[in-house]
*Asks:* 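Provided herewith is a single structure, encoded as structure tokens, for subsequent inquiry.
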Amino acid sequence: MNTPHYDHKAIEEKWQERWQEQNLYAAAQDSAKKKFYCLIEFPYPSGEGLHVGHVRSYTALDIIARKRRAEGYNVLYPIGWDAFGLPAENYAIKTNIHPAITTKQNTDNYRRQLQALGFSFNWSREINTTDPKYYKWTQWIFLQLFKKGLAYKAKIAVNWCSSCKTVLANEEVINGACERCGTPTEKREKEQWMLAITKYADRLYDDLENLDFAEKIKVQQRNWIGKSNGVLIDFPLENSKEKITVFTTRADTLFGVTYLVLAPEHPFVSALHEKITNWNTVAAYCKQTSKQKETERVAEGKEKTGIQLVGLFARNPANNEKIPVWIADYVLLNYGTGAIMAVPAHDQRDFEFAKKFNLPCTIVVCPHYPEKTCPILDTAYTGDGHVVASGQFNGQPNINAAKNISAFVHARKHTTYKLRDWVFSRQRYWGEPIPIIICVACGFVPVPLKDLPVILPMIENFKPTEDGESPLAAATDWVHTICPACGKPAMRETDTMPNWAGSSWYYLRYIDPQNDTEFANKEVLAYWTPVDWYNGGMEHTTLHLLYSRFWHKFLFDEGHVPSPEPYKKRTSHGLVLAEGGEKMSKSKGNVINPDDMVLRFGADTVRIYEMFMGPFEQATVWSIDNMIGSRRFLERVFRMHKHVSKENKEETDQILTNTIKKVGEDIERMYFNTAISSLMILANYLEKKTTISRNFFETFLLLLAPFAPHITEELWSMLGHTSSIHREPWPTFDPSVAVPKVVTIIVQINGKARGTLSMPAETDEAHVREAAEKIPLVARHLLKQTIQKVIFVKNRVINLVIS
RNA sequence: GCCCAGGUGGUGGAAUUGGUAUACACGCAUGACUUAAAAUUAUGUCCCGAAAGGGAUGCGGGUUCGACUCCCGCCCUGGGCACCA
């Protein structure tokens, strides 16, 4: 037998080399064609190598990129390395090998792994966030933010990870613990660089609406931003000119306010301490609160604590009632005004607090109006109703009362957000130096453009310090510099940027990666932005995805980019889990190495399998057994070429037409598993033929090519083609053929299927009914009972209702 | 607690607007080929039943000629948020 067998290794290596030589997948910088910018989240090149989850995401967009090229677009599908970050640095601490060296090794490994999978990346545009030519512009963007007052240094209580020995952004704290290592975070007062992302909260929120993002992504971002519309109401203090301003969304319940609560950190607490007769106890409570770890303070089911500021009273502006003022740790300083009006009857937290401390509870919203008897509450009533016990507003629906009561007390409309400013400093080595010089005379002075980048110095000791000082502080030669403003000796900022900095704008650098005078040329930006389709993980929704939208909006405001949003469309992939449904992790020893799979089954099989294993957006469990099916499929395709005739047949074919339609539609919807299933069905059909006409087989290969680029290229060349299959146009179909000429009509009796009819399309009810009644099984039913009603849906179903 | 996604054979899953539930694939069983095995290949494979027939898409109701699909209530799994006024 001289049938060439499917030698995936030889085939894949051969074509990968040729594609590389031909620069087959490079995007043209200057093109009259329509552009398509297709993006995956560039990987962090870890020591563990590529994860099969990366392969899933990259294959999906590779398929889309390849289809777009076939459709005639100028496609940009770039790749790079998000290479700053803690693992490289921690590894350096352990082994004393400089992160730059491990990063180089790891990126080389990743590059080899990605190339072995045949992704159509535009390799000549490869970028690396740790390259000074790259981070020069990361620093430059930071300075633009600084110049606009959006980067500022502030002493605030920050999340501190005692294990990583650095501060964390709110987005990096999960359930009060470090996202990376799981250590519970502490609050520490530190001077930090902050980015004023909250200034963009409203636009980040509102602009989501018109974006083609998966709905769950929008929901999650909206929840994180946490927009809340309400009013500010002033409560004058007794015997004082001061007033406490509260934020509320429930102005309708103002008459039900029985006390006020301030956050323990509220400035009024110490400012008014002369009026507070129990000051010592109050001070003790404040101190105790500040010592608590975040996890303790928000612990589930924790009982409310608090203490009254004895001697301090406020007046309810609605009814002039004298009410006490409390402090409690359930009121947060950095949300709203740090003070609340408590309405125990209509807020569960206030209800619990009032119950514990025996504070009065006045019902002001009644669901059963006008029945005057309101229920005795065992829980707060937070629903709608009519307002009672509220003076001249009695009887109004609470929605109306909210407006009217607000006007009555001169409340000001106010919107507040859960989003906080982004803590941007890290006390670690392996990051972009913050390009600021601290001068005794001039303050914070930006490093001038001509001196950018501020190169990260090579140092010996990467170890972060216990006191939260950056390891860079020890590089005294580097730290001591001259103030660019006054020329006197000054010091460099020693904190570095978080690993989210470089990834906040990387998609812009791919557009013009070699540019040395700007981060990217304006004209080229105008052609390529925004990204047309971006796929990534859900875990980045409130981190990278939100941060980069913020940076992009800022660059847009400054006139540096032409669009207000970076990404037109965002999709997300499901996790690839280990057998047993667990997350793959080094510690569990259940990590699947793509190298082993490529070696054993071939890149095309791995690609097909990862797309076939389940719905793209859902988590799926890895199974080597199931991978065999994908391998067999490709082997059968390979064997099939023997039966391909030399002639083309002009006939159009229903199955082929349907497959062209289905594969095309399914790729667009990311239903890759059903696209492959329909390709398998077509292969099964072709396999049964003794000869396969050439044009049929070629069309089949063109449809399969985005999924399995190597084997299709090999078969394409075996058919005598000298140019690449990946330069061929995407197959089209005749829509009139896609409409079937013969349809299968389901025959039901009382809604149960009893048979099928194969009839010409568009056959009318009378003819279908006639044929249906002749079906033996149907006829038997009709002997005993008579037809009461006939439901007929053309080309679909006939249902005989009998009794 | 709130928000989002999901629950279908032994397994991964399919069913695009309410119209043959279980496509495609894995696994399993039996046969062919083989000295044998692997590979390949043919047939079968939701459950009960000899058949006729009946039952089944997490559970309980409802709407409909007809429900995996729509509505109401509940249970479970995964993800997100979590004292946000």
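In what follows, chains carry the letters A, B, and so on, assigned in the order in which the sequence lines appear, proteins first and then strands, with residues in each chain numbered from 1.
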*Asks:* Of all the choices, B/rC83, B/rA25, B/rA14, which nucleotide is nearest to the side chain of A/R636 once you look at every atom?
*Replies:*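 Nearest nucleotide to the side chain: B/rA25.
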*Asks:* Syn or anti for B/rG9? Use the chi torsion, O4'-C1'-N9-C4 for purines and O4'-C1'-N1-C2 for pyrimidines, with syn inside 90° of 0.
*Replies:*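 It is syn.
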*Asks:* In terms of side-chain geometry, is the basic nitrogen of A/E172 or A/R180 positioned less than 4.0 Å from the acidic oxygen of its partner?
*Replies:*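 Here A/E172 does not pair with A/R180 in a salt bridge, since their nearest N and O are not under 4.0 Å apart.
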*Asks:* With rounding to the closest Å, how many angstrom separate the P atoms on B/rU69 and B/rG78?
*Replies:*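 Result for the P pair: 24 Å, nearest Å.
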*Asks:* Say we look at B/rA32 and B/rA38: how far apart would their P atoms be, to the nearest angstrom?
*Replies:*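 Per the computed distance, 14 Å lies between those P atoms.
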*Asks:* Tell which nucleotide pairs with B/rG1, taking only Watson-Crick or G-U wobble pairs whose two distances are both under 3.5 angstrom.
*Replies:*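 Across all strands, the one nucleotide that pairs with B/rG1 is B/rC81.
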*Asks:* For a quick check of understanding: with a heavy-atom distance under 4.0 Å over all strands, which category does A/R420 fall into, base, sugar-phosphate or nothing?
*Replies:*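 A/R420: base contact, heavy atoms under 4.0 Å.
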*Asks:* Using the P atom as the point on both nucleotides, what is the distance between B/rG80 and B/rC71, in whole Å?
*Replies:*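 Rounded to whole Å, the distance is 27 Å.
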*Asks:* Can you see whether A/H8 engages A/D604 through a side-chain donor-acceptor pair at a distance of less than 3.5 angstrom?
*Replies:*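 No - no donor-acceptor pair under 3.5 Å links their side chains.
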*Asks:* Are A/Y285 and A/W326 an aromatic pair by the rule of ring centers under 6.0 Å?
*Replies:*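 Distance test on ring centres: not under 6.0 Å, no.
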*Asks:* Can you tell me the pairing partner of B/rG66 across any strand shown, Watson-Crick or G-U wobble, with both distances under 3.5 angstrom?
*Replies:*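 For B/rG66, the partner nucleotide comes out as none, under the 3.5 Å rule.
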*Asks:* A/N799 side chain to A/I791 main-chain N or O, any donor-acceptor pair under 3.5 Å?
*Replies:*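 Checked: no pair found.
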*Asks:* If we take the C1' atom in both B/rC46 and B/rA56, what is their distance in whole Å?
*Replies:*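 It comes out at 8 Å once rounded to the nearest Å.
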*Asks:* If you measure from the Lys or Arg side-chain nitrogens to the Asp or Glu carboxylate oxygens, is any gap between A/E665 and A/R669 under 4.0 Å?
*Replies:*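 No, this pair does not count.
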*Asks:* Could you please name the partner base of B/rA21, counting Watson-Crick and G-U wobble pairs only when both distances are under 3.5 Å?
*Replies:*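 For B/rA21, the partner nucleotide comes out as none, under the 3.5 Å rule.
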*Asks:* Hey, does the side chain of A/N673 reach the backbone of A/F616 with a donor-acceptor pair shorter than 3.5 angstrom?
*Replies:*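 No; zero donor-acceptor contacts below 3.5 Å.
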*Asks:* Judged by each residue's nearest nucleotide on RNA chain B, which is more toward the 5′ side, A/T620 or A/G629?
*Replies:*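 The answer here is A/T620.
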*Asks:* Rounded to whole angstrom units, what separation is found between the CD1 atom of A/I340 and the C1' atom of B/rC83?
*Replies:*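 One finds 9 Å between C1' of B/rC83 and CD1 of A/I340, rounded.
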*Asks:* Have a look at A/K304 and say if it touches a base, only the backbone sugar-phosphate, or nothing, with a 4.0 Å heavy-atom cut-off.
*Replies:*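 Result for A/K304 = base.
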*Asks:* Heavy-atom contacts under 4.0 Å between residues 605-613 of chain A and RNA chain B, which residues?
*Replies:*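 The stretch gives A/F612, A/M613 as the residues lying under 4.0 Å from the strand, ordered by number.
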*Asks:* Is there a Watson-Crick or G-U wobble partner for B/rA51 with both distances under 3.5 Å, and if so, which one is it?
*Replies:*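 Because no pair has both required distances under 3.5 Å, B/rA51 counts as unpaired.
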*Asks:* Both distances under 3.5 Å, Watson-Crick or G-U wobble: report the partner of B/rC74, or none.
*Replies:*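 Checking every strand shown, B/rC74 finds its partner in B/rG58, with both distances under 3.5 Å.
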*Asks:* Quickly work out the A/L634 CG to B/rA25 P distance and round it to whole Å.
*Replies:*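 To the nearest whole Å, that distance equals 13 Å.
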*Asks:* If B/rA37 has a Watson-Crick or G-U wobble mate with both distances under 3.5 Å, name it; if not, just say none.
*Replies:*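 Its partner is none (no Watson-Crick or G-U wobble pair with both distances under 3.5 Å).
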*Asks:* Enumerate the protein-to-nucleotides 27-32 of chain B contacts in which both atoms are nitrogen or oxygen and the separation is below 3.5 Å.
*Replies:*
from: B/rG27; atom 1: OP2; to: A/R632; atom 2: NH1; distance (Å): 3.4

*Asks:* The criterion is side chain to side chain donor-acceptor pair (under 3.5 Å); which residues satisfy it with A/Q221, sequence neighbours excluded?
*Replies:*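 Testing A/Q221 for side chain to side chain donor-acceptor pair (under 3.5 Å), a comparison that skips the adjacent residues, returns A/R549.
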*Asks:* Can you tell me the distance, in whole Å, between the CD1 atom of A/I745 and the P atom of B/rC65?
*Replies:*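 From A/I745 CD1 to B/rC65 P: 21 Å.
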*Asks:* For A/Y381, check side chain to side chain donor-acceptor pair (under 3.5 Å) against everything at least two apart and list the hits.
*Replies:*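 For A/Y381 there are no side chain to side chain donor-acceptor pair (under 3.5 Å) partners, ignoring immediate neighbours.
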*Asks:* Should A/K356 and A/E352 count as an ion pair when the cut-off is N to O under 4.0 Å?
*Replies:*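 Looking at A/K356 and A/E352, the cut-off is not met.
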*Asks:* Could you tell me if A/E41 and A/S57 have a donor-acceptor pair between their side chains, going purely by distance under 3.5 Å?
*Replies:*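 No, because no side-chain N or O of A/S57 sits under 3.5 Å from a partner of the opposite role on A/E41.
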*Asks:* Using a 4.0 Å heavy-atom cut-off, does A/N684 contact any base of the nucleic acid, only the sugar-phosphate backbone, or nothing at all?
*Replies:*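 The residue A/N684 makes sugar-phosphate contact but no base contact.
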*Asks:* Counting only pairs under 3.5 Å, give me each side-chain donor-acceptor contact of residues 211-219 of chain A, with atom names and distances, residues two or more places apart or in other chains.
*Replies:*
from: A/K218; atom 1: NZ; to: A/L208; atom 2: O; distance (Å): 3.2
from: A/K218; atom 1: NZ; to: A/E209; atom 2: O; distance (Å): 3.1
from: A/K218; atom 1: NZ; to: A/L211; atom 2: O; distance (Å): 2.8

*Asks:* Name all residues meeting the side chain to side chain contact (heavy atoms under 4.5 Å, CB included) criterion together with A/I174; count only those two or more places apart in sequence or in a different chain, and write none if there are none.
*Replies:*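 Per chain and number, A/I174 pairs via side chain to side chain contact (heavy atoms under 4.5 Å, CB included) with A/E179.
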*Asks:* Could you tell me whether A/K218 contacts a base, only the sugar-phosphate backbone, or nothing, with contacts defined as non-hydrogen atoms closer than 4.0 Å?
*Replies:*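 Result for A/K218 = nothing.
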*Asks:* For A/N673 and B/rC26, what is the distance between atoms CG and P respectively, to the nearest whole Å?
*Replies:*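 Result: 15 Å.
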*Asks:* I'd like to know if A/K418 reaches the base of B/rC81 with its side chain such that a donor and an acceptor end up less than 3.5 angstrom apart.
*Replies:*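 Checked by distance alone, the answer is no.
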*Asks:* For A/R412, check side chain to side chain donor-acceptor pair (under 3.5 Å) against everything at least two apart and list the hits.
*Replies:*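 Result, side chain to side chain donor-acceptor pair (under 3.5 Å) vs A/R412: A/D234.
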*Asks:* With a 3.5 Å limit on both atom pairs, tell me what B/rA15 is paired to, counting Watson-Crick and G-U wobble, or say none.
*Replies:*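 Answer to the pairing question: none, since B/rA15 forms no Watson-Crick or G-U pair.
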*Asks:* Can you tell me, in whole Å, how much space there is between the C1' of B/rA21 and that of B/rU8?
*Replies:*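 It comes out at 8 Å once rounded to the nearest Å.
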*Asks:* Starting at atom CD of A/E617, determine the distance to atom C1' of B/rG12, rounded to an integer number of angstrom.
*Replies:*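 Rounded to the whole Å, the gap is 18 Å.
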*Asks:* Which parts of nucleotides 70-80 of chain B does protein reach within less than 4.0 Å, heavy atoms only, written one letter per nucleotide 5' to 3' as B for base, S for sugar-phosphate only and - for none?
*Replies:* ----------S
*Asks:* Please report, to 0.1 Å, the donor-acceptor pairs under 3.5 Å made by any side chain of residues 223-230 of chain A, with sequence neighbours excluded.
*Replies:*
from: A/W224; atom 1: NE1; to: A/E171; atom 2: OE2; distance (Å): 3.2
from: A/K227; atom 1: NZ; to: A/D206; atom 2: OD1; distance (Å): 3.1
from: A/N229; atom 1: OD1; to: A/T415; atom 2: OG1; distance (Å): 2.9

*Asks:* Restricting to nitrogen or oxygen on both sides, can you table the protein-nucleotides 17-20 of chain B pairs closer than 3.5 Å?
*Replies:*
from: B/rG19; atom 1: N2; to: A/Q748; atom 2: OE1; distance (Å): 2.6

*Asks:* Test A/Y609 against A/W622 for ring-ring contact (aromatic ring centres under 6.0 Å, His included), laying out the working first.
*Replies:* CA-CA 10 Å; A/Y609 170 64; A/W622 187 270; 5.1 Å; yes
*Asks:* Partner of B/rG44 by Watson-Crick or G-U wobble geometry, both contacts under 3.5 Å, or none?
*Replies:*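 Paired with B/rG44, as far as the under-3.5 Å criterion goes, is B/rC28.
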*Asks:* For RNA chain B, whose closest nucleotide is more 5', that of A/I681 or that of A/N334?
*Replies:*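 Here A/I681 is the residue nearer the 5' end.
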*Asks:* Hey, is the main chain of A/T605 close enough, under 3.5 Å, to the side chain of A/R631 for a donor-acceptor pair?
*Replies:*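 Not confirmed, A/R631 side chain does not pair with A/T605 backbone.
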*Asks:* So, using side chain to side chain contact (heavy atoms under 4.5 Å, CB included) as the criterion, who are the partners of A/E539 when residues are at least two apart?
*Replies:*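 Residues passing side chain to side chain contact (heavy atoms under 4.5 Å, CB included) with A/E539: none at all.
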*Asks:* How far does the P atom of B/rU57 sit from the matching atom of B/rG10, given to the nearest Å?
*Replies:*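 After rounding to an integer number of Å, I get 13 Å for this pair.
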*Asks:* Send over the distance from A/F633 CZ to B/rA23 C1', rounded to a whole Å.
*Replies:*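 From A/F633 CZ to B/rA23 C1': 15 Å.
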*Asks:* B/rG9 and B/rU41: how far apart are their P atoms, nearest whole angstrom?
*Replies:*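 About 29 Å, rounded to a whole number of Å.
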*Asks:* Ignoring hydrogens and angles, tell me if any N or O in the side chain of A/N316 forms a donor-acceptor pair with the backbone of A/E321 under 3.5 Å.
*Replies:*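 No, A/N316 side chain to A/E321 backbone: no donor-acceptor pair under 3.5 Å.
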*Asks:* Have a look at A/L682 and say if it touches a base, only the backbone sugar-phosphate, or nothing, with a 4.0 Å heavy-atom cut-off.
*Replies:*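 Counting heavy atoms under 4.0 Å across all strands, no contact is made by A/L682.
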*Asks:* Would you check, one step at a time, whether the test salt bridge (charged side-chain N to carboxylate O under 4.0 Å, His left out) holds for A/E668 with A/K67?
*Replies:* CA-CA 9 Å; A/E668 296 305 319; A/K67 179 166 181 265; 2.5 Å; yes
*Asks:* For A/E687 and B/rC24, what is the distance between atoms CD and P respectively, to the nearest whole Å?
*Replies:*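 Rounded to whole Å, this separation is 13 Å.
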*Asks:* Between the protein and nucleotides 47-50 of chain B, which nitrogen or oxygen pairs are less than 3.5 angstrom apart?
*Replies:*
none

